[in-house]
Number of protein chains: 2
Amino acid sequence: MLSNEQKQLVEKIGLMHESEGLSPAVARVLGLLLVSDKVELTFDEIRETLNLSKSATSNALNIAIKLDRVEYVTKPGDRKRYFKSRIELWREHIMDGFCKKCSWSKMFEEVLKHRTKETKDFNKAIKDFVNFLEYMGKELPKLYKEWENKTK
Amino acid sequence: MLSNEQKQLVEKIGLMHESEGLSPAVARVLGLLLVSDKVELTFDEIRETLNLSKSATSNALNIAIKLDRVEYVTKPGDRKRYFKSRIELWREHIMDGFCKKCSWSKMFEEVLKHRTKETKDFNKAIKDFVNFLEYMGKELPKLYKEWENKTK
DNA sequence: TTTTTAGTTCTCCTTTTGCAGAACTAAAAA
DNA sequence: TTTTTAGTTCTGCAAAAGGAGAACTAAAAA
């Protein structure tokens with residue numbers, strides 16, 4: 001099903017995803033669905049290729065689906081589900097991740113509001129960070145839109 | 001040592017950090033060092049305020065230091081270490097995180113190189129994503145420099 | 001020299017995570 | 001109606017994470 005090179009790539013992509021906090025099984029499923037020659041794979045193809053149990057496969061797929069990393073399609077006269085990567089959403093996921101970080105500014109503002117006013121330098125450093133996050137929170141969506149315009 | 005409001009804030013900041021993959025103890029230490037009226041706290045002040053064991057405190061501080069989230073200063077004629085948040089580095093940490101994501105483009109290019117050429121649409125979607133990451137990888141440092149210029 | 005201080009490291013325990021395997025389910029096929 | 005298919009859910013286990021407490025260490029103080 002997979003060449004040795006492909007297997008290695010699945011592992012490598014898996015590690016990339018594990019570094020994001022996903023479990024090995026989910027991480028490998030995402031890897032497989034990027035690397036496999038077939039874009040759409042069935043439950044059992046995934047299970048067999050990755051040597052997972054049914055439960056692990058089921059859970060991994062459902063987690064990936066809930067995370068909007070995977071979807072499935074069905075075909076007339078076939079009751080299998082065909083799972084595939086939602087690669088088109090990845091750039092939104094990336095941007096969402098960025099924007100989530102920027103929204104930390106709220107928390108740091110709250111910190112500032114409750115801090116003693118004695119520690120001028122430290123408070124200033126926090127304020128600078130808040131400003132930075134707010135700046136990024138405004139500029140990143142612009143950047144995203146610019147890219148969208150450029151590519152359509 | 002901490003007001004109730006401050007304690008709650010420490011927990012809230014803690015959760016924020018846990019969502020980044022840090023353990024509760026490290027997460028709370030980082031929270032405490034942002035919220036505490038004193039900017040510099042000793043080992044035992046941290047330990048007592050957070051109700052941690054010595055080992056947990058030691059490990060948490062060393063992890064935070066290795067992550068460049070915390071540093072310590074010493075004072076003449078005093079052998080305690082005074083730990084403090086490296087808040088000034090946070091915006092670099094944020095940018096590093098962003099740039100790390102953008103460097104995923106390499107991995108996806110490798111995927112593309114090994115993929116079958118049959119799946120045109122899917123490969124195109126990957127290529128689009130690679131382009132997007134590369135675009136961000138170029139524009140984000142610019143944005144950062146712009147902000148630096150604006151604020152100095 | 002002995003004692004104290006400021007932490008570090010080791011051992012142990014509890015909780016959580018990740019997965020296997022088996023039992024189960026609902027729809028379709030025979 | 002019974003059987004097969006395509007999964008899901010439950011039970012249980014093994015490994016890893018997180019942290020407590022005690023033993024340890026190195027430098028400073030007495």
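We use all heavy atoms of the structure for the numbers below, so side chains are in, but hydrogens, waters and symmetry mates are not. Computed from a prediction, not measured in an experiment: that's the story for all the values here. Letters go in sequence order (proteins before strands), and every chain restarts at 1.
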Exercise. Touch check for A:K80, heavy atoms < 4.0 angstrom, all strands: base, sugar-phosphate only, or nothing?
Worked result: sugar-phosphate
Problem set entry | Polar side-chain contact A:S55-C:dA20 base: donor and acceptor under 3.5 Å | yes
Exercise. Is any NZ, NE, NH1 or NH2 atom of the basic residue among B:E45 and B:R47 found under 4.0 Å from an Asp or Glu carboxylate oxygen of the other?
Worked result: no
For this session: For B:R28 and D:dG18, give me the distance from atom CZ to atom P, rounded to whole Å.
Result: 12 Å
For this session: Remember a base hit wins even if backbone is also touched, and classify B:N62 as base, sugar-phosphate or nothing at under 4.0 Å, heavy atoms.
Result: sugar-phosphate
Seminar exercise, completed: Nearest heavy-atom contact between B:V111 and A:L34 is CG1-O, 3.6 Å
Exercise. Nearest-Å distance, CD1 (B:I65) to C1' (C:dA6)?
Worked result: 14 Å
Problem set entry | Watson-Crick or G-U wobble mate for D:dT25, both contacts under 3.5 Å | C:dA6
Exercise. Which whole-number value in Å describes the distance from A:L52 CG to D:dA6 C1'?
Worked result: 16 Å
For this session: Decide whether a cation-pi geometry holds between B:R91 and A:F129; the criteria are a distance under 6.0 Å from NZ or CZ to the six-membered ring centre and an angle within 45° of the ring axis.
Result: no
For this session: Check whether any side-chain nitrogen or oxygen of B:R81 sits under 4.0 Å from OP1 or OP2 of C:dG7, and answer yes or no.
Result: yes
For this session: Please work out which of the three classes, parallel, tilted or perpendicular, describes the rings of A:H17 and A:W90, given edges at 30° and 60°.
Result: perpendicular
Problem set entry | Spacing between A:K66 atom NZ and D:dT8 atom C1', to the nearest angstrom | 13 Å
Problem set entry | Length of the CD1-P vector between A:I63 and D:dT8, whole Å | 12 Å
Problem set entry | Euclidean distance, atom CZ of residue A:F43 to atom C1' of C:dT25 [Å, nearest integer] | 14 Å
For this session: Look at all strands and tell whether B:D78 reaches a base, only sugar-phosphate, or nothing, counting heavy atoms closer than 4.0 Å.
Result: nothing
Seminar exercise, completed: By nearest-heavy-atom nucleotide on DNA chain D, the more 5' of B:N59 and B:K54 is B:N59
For this session: Please figure out whether A:A25 or A:G77 has its closest DNA chain C nucleotide nearer the 5' end.
Result: A:A25
Exercise. So which nucleotide does D:dA30 pair with, by the Watson-Crick or G-U wobble rule with both distances under 3.5 Å?
Worked result: C:dT1
Problem set entry | Distance, rounded to the nearest Å, where B:H17 contributes NE2 and D:dG18 contributes P | 15 Å
For this session: Classify the side chain of A:R79 and the base of D:dA6 as holding, or not holding, a donor-acceptor pair under 3.5 Å.
Result: no
For this session: Whole angstrom is fine here: how far is it from CZ in A:R47 over to C1' in C:dA20?
Result: 11 Å
Problem set entry | Trace of the side chain to side chain donor-acceptor pair (under 3.5 Å) decision for A:E118 with A:N123 | CA-CA 9 Å; A:E118 310 294 301; A:N123 295 18; over 6 Å; no
